[in-house]
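Okay, so here's the structure we're looking at.
Quick caveat: nothing in here was measured; it's all calculated off a predicted structure.
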Amino acid sequence: MLLSLMIFVPLLGMIVVLLLPRESDELIKRVTLGFTLIPLIIAAYLFINYERSIFGIQYPHGPVDWITAFNIKYYIGIDGLSVTLILLTALLGPICVLASWRNIEKGLKAYMALFLLLETGMLGFFASLDLFLFFVFFELTLLPMYFLIGVWGGPRREYAAIKFFLYTLFGSVLMLVAMIAVYLNSNVINGVAEGVRTFDILTLISLAATPGHALADPGFQMWVFLGFFIGFAVKVPIFPFHTWLPDAHVEAPTAISVILAGVLLKMGTYGIVRVNMAMFPEGLAIFTNGVGIVGNSLALLGFINIVYGSLCALAQTDFKKLVAYSSIGHMGFVILGLAAGNSEGINGAILQMFNHGVISAMLFLLVGVLYDRAHHREINGFGGIATKMPVYTGITTLAFMASLGLPGLSGFVGEALSLLGAFQEFELITILSTIGIVVGAAYFLWTLQRVFLGQLNPKYEDLPEINKREILTLVPLGILTIVLGIWPNFALDMFSESVTNLVNVLEAI
């Protein structure tokens with residue numbers, strides 16, 4: 001029941017918030033913060049008590065009959081991969097509430113209620129072990145995010161929200177078609193339907209490895225792999241499905257940008273690992289171990305993300321858009337590591353998922369701090385503010401150095417392992433992908449020089465330093481950035497057994 005409590009406490013919080021008086025802003029904020037702290041406490045308990053040496057699902061709840069006519073069940077549980085991302089999601093919950101404390105002036109009650117609904121969707125997605133439930137929680141994040149961008153965003157918020165909704169809905173439709181195909185073939189063995197159909201993810205993974213089963217057919221796996229992959233690729237986002245992301249980030253409120261980069265992007269790569277790689281290894285092999293460009297297509301997509309995202313970030317003059325494009329580049333390392341299909345690559349990719357969630361959250365929070373004071377994000381409009389905001393400058397420098405992959409900070413380890421694994425399979429693509437590291441260093445250092453160094457812009461003589469509440473949102477993320485840079489086993493130990501099992505399946509193809 002502990003997992004279910006963690007997932008649905010924010011939903012209960014949403015109901016409580018909706019019952020509070022509309023004019024009680026401080027009470028609404030405090031209640032919302034309380035209902036996001038409870039999942040964090042439970043997630044920390046699950047993380048600390050997770051048995052790292054055991055492969056398999058821990059803390060299961062179910063399966064409990066839900067829609068019996070279609071054998072759909074309420075079934076949740078965690079393994080090393082999901083518990084790590086659940087901890088990240090739960091940590092960002094109260095941080096985002098604190099980041100919204102003084103920034104949301106209209107419709108605070110609706111904003112906080114939608115945020116709590118969004119948290120339930122994200123936590124439920126990472127814990128789901130029934131494919132239908134998995135899809136329901138995936139879709140549950142779409143509606144609150146649409147309104148959080150479209151109502152509380154910037155000047156072009158409606159355009160950004162609709163673009164986000166349509167892209168994600170397009171991917172979801174393909175996922176739904178693929179999911180139905182998997183369900184309808186889940187009881188077909190040697191061309192004959194036997195027993196009952198199922199949405200159980202663990203059962204489907206087992207059936208997809210059974211000779212003679214319809215789910216094990218390479219041709220079938222190729223098509224359903226594509227359906228799920230495009231749905232998840234929109235979320236990551238992977239080129240060419242990426243164009244919604246910069247618009248959504250630029251227009252979204254600071255806290256929503258944090259959730260978007262820190263969690264929602266990871267839902268895409270988590271889905272690729274949980275469904276595409278584990279359930280359809282034959283389909284994966286066609287796009288990673290095949291002949292010619294098709295056989296290297298997943299690695300090529302990772303390479304394009306890295307170089308294209310980095311070059312676009314270099315060209316930006318809007319601070320927030322720069323960070324948004326840098327996210328596209330850094331998620332490319334995740335795709336490249338997953339494409340390698342070996343222990344180093346997959347471990348590096350999953351570690352990079354967590355690390356990027358932490359670092360990107362820091363970066364968007366820091367952009368928000370500066371925007372709240374200067375009311376613009378033009379990089380060239382600043383200059384020399386390190387003299388007025390030394391603490392803010394120090395924290396920003398830490399986040400920049402972590403994101404560009406400085407050894408000793410968390411961004412380095414994930415990228416290094418991803419490249420190490422990818423080099424064993426795709427030497428040329430991996431070598432060319434290092435361009436992204438060089439360009440990443442260029443745009444972060446250039447931004448540091450333009451914003452913080454040089455002569456102080458006279459307009460910012462009275463610019464106030466970062467305050468205690470803002471520091472409180474950044475300190476936990478900064479600590480994780482340093483700890484994971486020095487001691488990456490803090491996270492690697494959590495999912496190493498799961499990765500080993502996945503690699504054994506992939507190597508058997």
Side-chain angles (χ1 to χ4, degrees), residues 1-20 27-50 57-62 74-101 111-129 133-134 136-145 148 255-256 258-267 270 353-354 357-358 361 365 472-473 475-477 479-480 490-491 494-495:
M1 295 293 291
L2 203 58
L3 265 182
S4 294
L5 180 65
M6 179 188 69
I7 293 168
F8 292 108
V9 156
L11 186 63
L12 175 62
M14 181 192 76
I15 297 170
V16 173
V17 166
L18 289 174
L19 294 175
L20 294 175
L27 180 60
I28 289 170
K29 288 184 283 191
R30 291 175 187 276
V31 168
T32 305
L33 180 61
F35 275 101
T36 56
L37 286 172
I38 295 172
L40 175 58
I41 294 169
I42 297 174
Y45 173 84
L46 295 174
F47 187 88
I48 293 168
N49 290 278
Y50 183 84
I57 298 301
Q58 300 183 30
Y59 296 97
H61 184 191
Y74 176 78
Y75 187 21
I76 58 173
I78 55 172
D79 64 0
L81 170 59
S82 55
V83 74
T84 306
L85 294 174
I86 282 172
L87 179 65
L88 174 64
T89 305
L91 175 64
L92 292 182
I95 286 175
C96 288
V97 173
L98 288 172
S100 306
W101 208 265
Y111 175 91
M112 292 300 182
L114 286 168
F115 182 83
L116 289 166
L117 178 61
L118 177 63
E119 183 168 10
T120 286
M122 295 184 296
L123 292 170
F125 173 82
F126 290 125
S128 295
L129 295 177
L133 185 66
F134 179 90
V136 168
F137 279 121
F138 184 83
E139 289 298 286
L140 185 60
T141 62
L142 179 57
L143 193 63
M145 183 58 75
L148 287 166
I256 305 309
V258 169
I259 286 293
L260 192 58
V263 182
L264 262 69
L265 271 59
K266 311 308 174 290
M267 290 171 63
Y270 173 83
M353 287 162 59
F354 185 85
V358 172
L365 287 169
L472 183 61
T473 65
V475 165
L477 303 175
I479 291 172
L480 275 174
F490 173 77
M494 299 299 296
F495 46 76

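A distance of 8.0 Å separates OG1 in T32 from CG in L20, rounded to the nearest 0.5 Å. A distance of 11.0 Å separates OG1 of T141 from CG of L148, quoted to the nearest 0.5 Å. With values rounded to the nearest 0.5 angstrom, W101 atom CH2 is found 12.5 Å from T473 atom OG1. Here CZ of F47 is found 11.5 Å from CD1 of I86. Values are rounded to the nearest 0.5 Å. Taken to the nearest 0.5 Å, the CG atom of L81 stands 13.0 Å off from the NZ atom of K266. I38 contributes atom CD1, which lies 15.0 Å from atom CZ of F8 (distance to the nearest 0.5 angstrom).
Scanning all heavy atoms of the two residues, the minimum distance from P476 to L472 falls at CD-O, 3.1 Å. Of all the heavy atoms in V9 and P39, the pair that sits closest is CG1-CD, 4.1 Å.
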Side-chain polar contacts of residues 90-99 - donor-acceptor pairs under 3.5 angstrom, sequence neighbours left out - could you list them?
none

Identify all side-chain donor-acceptor contacts of residues 117-125 below 3.5 Å with residues at least two apart in sequence or on another chain.
residue : atom : partner : partner atom : Å
T120    : OG1  : I7      : O            : 2.9
T120    : OG1  : L11     : N            : 3.1

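Annotation: side chain of I256 is in contact with side chain of Y111 (closest heavy-atom distance under 4.5 Å). Using a 4.5 Å heavy-atom cutoff, the side chains of V17 and F35 are not in contact. Between F115 and S100, every side-chain heavy-atom pair lies at or beyond the 4.5 Å cut-off. For the pair Y45 and I42, the minimum side-chain heavy-atom distance is 4.5 Å or more. Side-chain contact between S82 and Y270 is present, with at least one heavy-atom pair separated by less than 4.5 Å. Under the 4.5 Å side-chain criterion, counting only non-hydrogen atoms from C-beta, Y50 is not in contact with L46.
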> Please walk me through it: do H61 and Y74 pass side-chain contact (heavy atoms from CB on, under 4.5 Å)?
Replying inline: CA-CA 8 Å; H61 184 191; Y74 176 78; 3.7 Å; yes
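Checked options D79, V83, N49, I76; the residue passing with Y59 is N49 (criterion: side-chain contact (heavy atoms from CB on, under 4.5 Å)).
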